[in-house]
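Just so we're on the same page: letters track the sequence lines, and every chain starts at 1.
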2 protein chains.
Amino acid sequence: MKKYVYSFGSQSTEGSADMKYILGGKGANLAEMSKIGIPVPPGFTISTEVCKDFSNNGNKYPSGLETEVEDYLVKLEIVTGKKFGDVKNPLLVSVRSGAASSMPGMMDTILNLGLNEEVASSIANSTDNPRFAWDSYRRFVQMYGNVVEGIEHEKFETVIDEIKSGKGIKGDTDMTADDWQAVVKGYKKLFKIEKGRDFPDDAKEQLWGAIKAVIGSWNNQRAITYRRLNHIDENKVFGTAVNIQSMVFGNLGSDSGTGVAFTRNPATGENVPYGEYLMNAQGEDVVAGIRTPKHLDSLKEDNEVVYKQLIDIFSTLEKHYKDMQDVEFTIENGKLFILQTRNGKRTAPASVKIAVDLVKEKRITEKEAILRVEPEKLEQLLHPTLDPKSKSKFKMIAKGLPASPGAGVGQAVFNAQTAVDWKENGKKVILVRAETSPEDISGMDAAEGILTARGGMTSHAAVVARGMGKCCVAGCEVLTVSEIEKKFRVGEIIVNEGDVITLDGSTGEVFLGQVPTIDPELSGYFGTIMEWSDKYKKLGVRTNADTPRDAKVARDFGAAGIGLCRTEHMFFQADRIFAVRQMIVSETLDQRKAALSKIFPMQKNDFIELFRIMKGFPVKIRLLDPPLHEFLPKTKEEIEDIAKEMGISAEKLTEKVEYLHEFNPMMGHRGCRLGVTFPEIFEMQVEAIAQAACELIKKGESIVPEIMIPLVGEFNELKWLKDRLVPVIESTIKKYGVKMVYEIGTMIEIPRAALTADTIATEADFFSFGTNDLTQMTYGFSRDDAGKFLKDYLEKKILPEDPFKSLDTVGVGKLMKMAVDLGRSTKKNLHIGICGEQGGDPATIKFCHQIGLNYVSCSPYRVPIARLAAAQAAIESEK
Amino acid sequence: MKKYVYSFGSQSTEGSADMKYILGGKGANLAEMSKIGIPVPPGFTISTEVCKDFSNNGNKYPSGLETEVEDYLVKLEIVTGKKFGDVKNPLLVSVRSGAASSMPGMMDTILNLGLNEEVASSIANSTDNPRFAWDSYRRFVQMYGNVVEGIEHEKFETVIDEIKSGKGIKGDTDMTADDWQAVVKGYKKLFKIEKGRDFPDDAKEQLWGAIKAVIGSWNNQRAITYRRLNHIDENKVFGTAVNIQSMVFGNLGSDSGTGVAFTRNPATGENVPYGEYLMNAQGEDVVAGIRTPKHLDSLKEDNEVVYKQLIDIFSTLEKHYKDMQDVEFTIENGKLFILQTRNGKRTAPASVKIAVDLVKEKRITEKEAILRVEPEKLEQLLHPTLDPKSKSKFKMIAKGLPASPGAGVGQAVFNAQTAVDWKENGKKVILVRAETSPEDISGMDAAEGILTARGGMTSHAAVVARGMGKCCVAGCEVLTVSEIEKKFRVGEIIVNEGDVITLDGSTGEVFLGQVPTIDPELSGYFGTIMEWSDKYKKLGVRTNADTPRDAKVARDFGAAGIGLCRTEHMFFQADRIFAVRQMIVSETLDQRKAALSKIFPMQKNDFIELFRIMKGFPVKIRLLDPPLHEFLPKTKEEIEDIAKEMGISAEKLTEKVEYLHEFNPMMGHRGCRLGVTFPEIFEMQVEAIAQAACELIKKGESIVPEIMIPLVGEFNELKWLKDRLVPVIESTIKKYGVKMVYEIGTMIEIPRAALTADTIATEADFFSFGTNDLTQMTYGFSRDDAGKFLKDYLEKKILPEDPFKSLDTVGVGKLMKMAVDLGRSTKKNLHIGICGEQGGDPATIKFCHQIGLNYVSCSPYRVPIARLAAAQAAIESEK
């Protein structure tokens, strides 16, 4: 016959931690603790198989279950020396759910089961604590009535309220034993009215009612929703176990008590137990905050024996679970019981310190330590953050997308120029825009943070802000921004230019006023974790950096090269945009070349600076990518101003702007398509790169420039351009008389490039996945517009995740895998990386490791995260 | 030893037609004709292998070649009874190139080789025709000097001009024998000056010089360019053969002559030989038009024997080649020689008639007949066309893209309303726009043709025009259209409203004035070819039709159902656009539902009409696809007008328009994404479809509606929508109490849909490839913007073809193949079609057949083309 029930807490514990899928997390853990000698109140677990059978067979228990439960109940009576349903020596139990995946608070629990009038009276006598007895009983009736019989919670509360108000009592603590007994009476009357029958007094009846309710709670709406929201796969994890455990009480008098503790400090990671307890209290009293709990240290005075025992248990638990534990305990008449232990939640700094300490203590290996730190959480260590204690004192007026983490405090300004001007006057500003465009870059650079009403996690504002390591709240749709009137509105609230606001880029919150911030501490522990990560990771980690400043930050964070330098950002700088515009309005090749020759020396200096900062690390430079109209003015006023400045008529400039207008610029005349139409632009850029590199090589530095052609979808594009660019480089090398190794490769960001990667690889020295564009094209989602429906898609669970944030491994990933395989079928050792936004996302990094990329490239502030995630990917794939 | 030389024209002809790759097309054909007893001037062919060896081995002939050529020369002397280089009885030869792929005029030819002073004098005597002799000699010197020695043509002309002007002669016909002799002298002097040596008199030296020149001509720039332009694959076809053939002369006197003839009439296909000839003339005289050639019939009188012989040869050739032949012949002293035969070029009507006649004559099978008609040419049969004779009399002012074939004549108008108004007043108009938008539909419908300055072959104007079978010239970039001033400008020319212009949609030409047109004749032959096509094709052919009118045309052309009905075009009609706009500006679900309920009855009636016209053929209806902003006004004036009409403030409407604005609408909030956000829109449409079908079913008709969800990229989108739409259909069926089979399937137009087609197939009853969008996304080309660089790409040979016109089988096709295979791995018999613009392109249809699609769907006017192409694909794949 199949076994459905497993005991724990006694010498004959039948389960263990690895039986999670059968016993649920709680059941397996209770069994595990029992096995290593932790004093757990004994009990038994009905396996998840029963829940599955029950669901599948029209709510019928598998045959033999009743007998088996009865048998284990008898065993439990023997172990505890008590008797279920007995008046003199009653065995009280809790009945709790517990699935393989933790679903906190989502399913049901019944405590104090086994009580009735007689038993309660008997306990009142035997404990000499009638208040405890009747309070316990009323709690049971309330839970049972609610969970098993479905009577609304509020109705029970009404009964208590009536009695309280009849006697002028305010808090529960003022209720006497008699009062609670009266409540029980009221409850039972309520039960009779609601259900048309008496509240069950028979312990076994109570038990089976509770078992059924717990099993049924697997399919309650709350649980179903929770599983959906948390992507719990029912094919893998199905059903809840039912844990029946003997009750222990911390409220039996002054030698009883209850508490919760962490085996180390969860905020700092310090190796000192940290906890709170209350004597003569129940678990919920500690949490509820009615009485102020005492610090764990005081337990030494209250009961030194128990304290020592507890500290010993902490040590045993840590040794066993090899991690900091979050422990619930109860002292019943001087006897210590552990009710639960689990890996404790901790802050990012604590998680780093604990992981490193555990290695020093030889509890875990370096690899295990690396797996203990959540990469995403490292972000907390890298940016100043809002002081959580102060946040609640300020008015939160809106919530947008947490586009770039960190805190930003400053005066609201509504255009880039004002941001620059005010910053120069020593002010701190927040740049608020409906959305940002490349022309806002100087203003974004000057601002403490950026707030936009439109655009998603990968909108211009978000991408650039992350690149700058600057706080940004994007797509804050409730904002109505008037850039002309220099104000924004949220409902009734109007924020004018100069008003101080605070952004929390990690949550998307926007506050009125100046919320205090706290600075990050990059402690030595962090350095150690990074060092270990580099030891085990297989993927290289590079950075996306367009400016010397970005490159510097990234180097400090350990980036081993630049994976993407977007040259167009250089074009927007005030000292060259004029020449760029001249180049664009040129009518002839000669005019265009003349304009390009003005940009040339500036580009060359940019590259010299970048090469110097990256000191011999590889620097991958992408040639001009955006459509030309991005560099031209948009409004009539701007056009008039700029036309005057350029010495051409406004009509002519308008004509050019109109000619360059595109319906879908993302799929328009950009990238290598520009290079094919105007090869002289790419030639100028390549010459600037080659000269910069050659000059430094001549000075003895070692430079390997990597030139990246954007938006290639067809082999011939790359071939045609290479045929024009290679001679430029070769003649530069000749001119300088140096030896220079260089590479010309391509972005893989157009689906067709991935599909034809075998052919493209014949001309490409490397591939770099541009997963922003690749995601756009593969999904047909414009990232600038997707905000409107992506929110809906995530809410309606049509997509599990924003694919611009974390790579869609199913679709986009399939194309990437294909490109890697096809590319390497042509060139076995083809060097392949990723430089899309997702390159800094841990799940994406894991996927990149799996499909065999050589490196990931991400924004400077995500470099440490990527290093850690890359190490985790390597370690996990060893398993 | 390897054989390099092959004889023809004698009893010992060594080659045949199937040796094309060795002998070149011309050589193989000369051999073939010889074999079937056609009187061909004898000669021999040096194989293409020699050219290949010569190229690969540093311009050296393979060993043994010289001896072999000498041997064949001796054999040729024996056959002709003449002697090479002999003065008395000279053998003159031509030396011509001839590759396996025809490259007309691209490589070199030398005639009359073997002549020198002595030989010419001797011929002058023996033929009693000194003018012929010296003219022939001077021609040889000129050709040899130019082709073999590289002396510019103009220099030779200067020599002639000097002699002519010295003697006051105007035309070549006035030149006497002495004059030509003087020319020869002049030529030889020129040669000496240019080359520093005498012109070669030795026949063998001449021969080897010519052979070398012909072989070398394979790699001249002209030939290389030609091969590149015509996609001739040098790996398959390499090198030219050299044909050395004894000369025959049509200009030896009145019993000599020369001519060209078609074995049937190439214009009409009538089975009557059609040709022209001149007695006492050379081939080039017939072509040059100096003397008016005589009609073939006159030959009966000039030389009945030769005429009969020629007609017999025509018959032999047709029997042998099983097709109408284009024949070149020469009569030398009363003896007929055939110099060349090839399948004759013909008009579309002729190609259809000839193919059908040849089957009736039992020369070819039905399948062969089908392969004889070029599908693309059928278009000529379907639209009225400009009278080619009249075209040249009118001023061509511009040339755009031939977006939709046919002729359009009318008065230029610059907005849709004027087009409608003028048409109502009985005028014929051409709608001229910078570009068209869906709001122009009524105007396009009213116009005879559409002319746009922007947009490509698949721009809105082009697609809609083709759908309407209406002539359209798109992307005519030289036009500056001012819609406000109601005129357009091309250079100096201004065309005002009301000026008559003519469009040739088959060439993209735009003319000033009214060019006469000729009407199409859909003769019975056409019907026969279509009937046979349907017999052999495996692919179904459906049509893309949005209106009853389209559906009717398509049915008449043999469409077996609708593959794509775009419901949005119905939304634009004047009587419903108001309700559509109300729906869009709705703030609440109730408002939106109220507006939808106004559209509902109209949609329902549309579907009833469509179902009725398609009489039981399947009708595939695509739910709303375009972004909502397409339905809203754009200019300030329009917004104000419409706001007033709708009873809302202009500010509110402006706000809505701005809210809906998208940066890249093609990848924005459209298709199923709209359905997810506003399921009530799709629900209304589905209910209208279901009610329409149910009503007709109730009346005894057999209707299977196929509902198509656009823009699906993820299984969950389809699932989520089906969960909402199926209940609507089911309850409608229930309400009507009928039995109805229906299908819900999806477009595959997003790369991710193709990549995840196995999963999507679990919910889809069918797939339909939307290759317009699929091409856009796979290439990252916005079809509205690609015009700017696609032209460049085609010119620079980066792409072989506009991928929006003919499917890119390499990239987009790979995705399609993947989707077919993945989809059918889930559902073995999944029904799959294509409904993109390329569905009417023969090459695409062939590919669709190969990857196993069930049907193609194209615009009504392309249905016959598709039927033929589908049959050809099936027949070709049998091989």
Side-chain angles (χ1 to χ4, degrees), chain A residues 435 627 655 659-671 673-674 676-677 711 713-717 719-720 749-756 759 773-786 788-790 792-793 796-800 803 808 810-815 818, chain B residues 435 480 627 659-671 673-674 676-677 711 713-717 719-720 749-756 759 773-786 788-790 792-793 796-800 803 808 810-815 818:
Chain A
E435 63 230 305
E655 221 171 72
Y659 175 75
L660 290 177
H661 167 261
E662 292 184 310
F663 298 101
N664 298 285
M666 198 59 79
M667 304 197 290
H669 197 181
R670 50 177 285 236
R673 301 163 196 171
L674 276 181
V676 168
T677 317
L711 227 65
E714 154 63 39
F715 159 81
N716 281 326
E717 293 174 318
K719 173 87 173 70
W720 195 93
E749 54 188 338
I750 296 288
R752 197 173 184 279
L755 291 164
T756 61
T759 319
D773 270 316
L774 194 60
T775 300
Q776 291 199 95
M777 309 296 173
T778 305
Y779 269 99
F781 285 174
S782 156
R783 69 180 190 188
D784 290 321
D785 304 304
K788 279 192 193 116
F789 53 87
L790 258 188
D792 242 24
Y793 270 43
K796 291 176 177 169
K797 293 285 134 197
I798 288 173
L799 290 180
D808 158 46
V810 176
V812 181
K814 193 171 192 173
L815 271 182
M818 205 184 267
Chain B
E435 63 230 305
T480 315
Y659 175 76
L660 289 177
H661 166 262
E662 291 184 311
F663 298 101
N664 297 286
M666 198 59 78
M667 305 197 289
H669 198 183
R670 50 177 286 236
R673 301 163 198 172
L674 276 181
V676 168
T677 317
L711 227 65
E714 153 64 40
F715 159 81
N716 281 326
E717 292 174 318
K719 174 86 175 67
W720 195 93
E749 54 188 338
I750 296 287
R752 198 173 184 279
L755 293 163
T756 61
T759 320
D773 270 317
L774 195 60
T775 300
Q776 293 200 93
M777 309 294 172
T778 305
Y779 269 100
F781 284 174
S782 156
R783 68 180 191 189
D784 291 322
D785 304 305
K788 278 190 195 120
F789 53 88
L790 258 188
D792 243 23
Y793 269 43
K796 291 176 176 167
K797 293 285 135 195
I798 288 173
L799 290 181
D808 158 45
V810 176
V812 180
K814 191 171 192 175
L815 271 183
M818 203 185 269

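Using a 4.5 Å heavy-atom threshold, the side chains of B:Glu435 and A:Phe663 count as touching.
There is no side-chain donor-acceptor pair under 3.5 Å between B:Glu714 and A:Tyr793.
Of the atoms belonging to A:Leu774, not a single heavy atom falls under 4.5 Å from chain B. Neither the backbone nor the side chain of A:Glu655 comes within less than 4.5 Å of any heavy atom in chain B. Using a 4.5 Å cut-off between heavy atoms, A:Asp808 touches chain B through its side chain atoms alone. Using a 4.5 Å cut-off between heavy atoms, A:Glu749 makes no contact with chain B at all.
Rounded to the nearest 0.5 Å, atoms CE (B:Met818) and CG (B:Leu815) are 6.0 Å apart. A distance of 12.5 Å separates OG of B:Ser782 from NE2 of A:His669, quoted to the nearest 0.5 Å.
The aromatic rings of B:Phe789 and B:Phe781 stand perpendicular to each other, their planes meeting at an angle above 60°, with 30° marking the opposite boundary.
Of the listed residues (B:Gln776, B:Arg670, B:Arg673, B:Glu662), the greatest number of heavy-atom pairs within a distance under 4.5 Å of chain A belongs to B:Arg673. In terms of heavy-atom pairs under 4.5 angstrom with chain A, the leader among B:Met777, B:Met667, B:Met666 is B:Met667. Considering only heavy-atom pairs separated by less than 4.5 Å from chain B, the leading option among A:Thr756, A:Val812, A:Asp785 is A:Asp785. By number of non-hydrogen pairs under 4.5 angstrom with chain A, the leading residue of B:Ile798, B:Val810, B:Asn716, B:Leu674 is B:Ile798. Taking A:Asp792, A:Thr759, A:Leu799, A:Leu790 one by one and counting their heavy-atom pairs under 4.5 Å with chain B, the maximum is reached by A:Asp792.
No donor-acceptor distance shorter than 3.5 angstrom exists from the side chain of A:Lys788 to the backbone of B:Gly668, with no hydrogens or angles considered.
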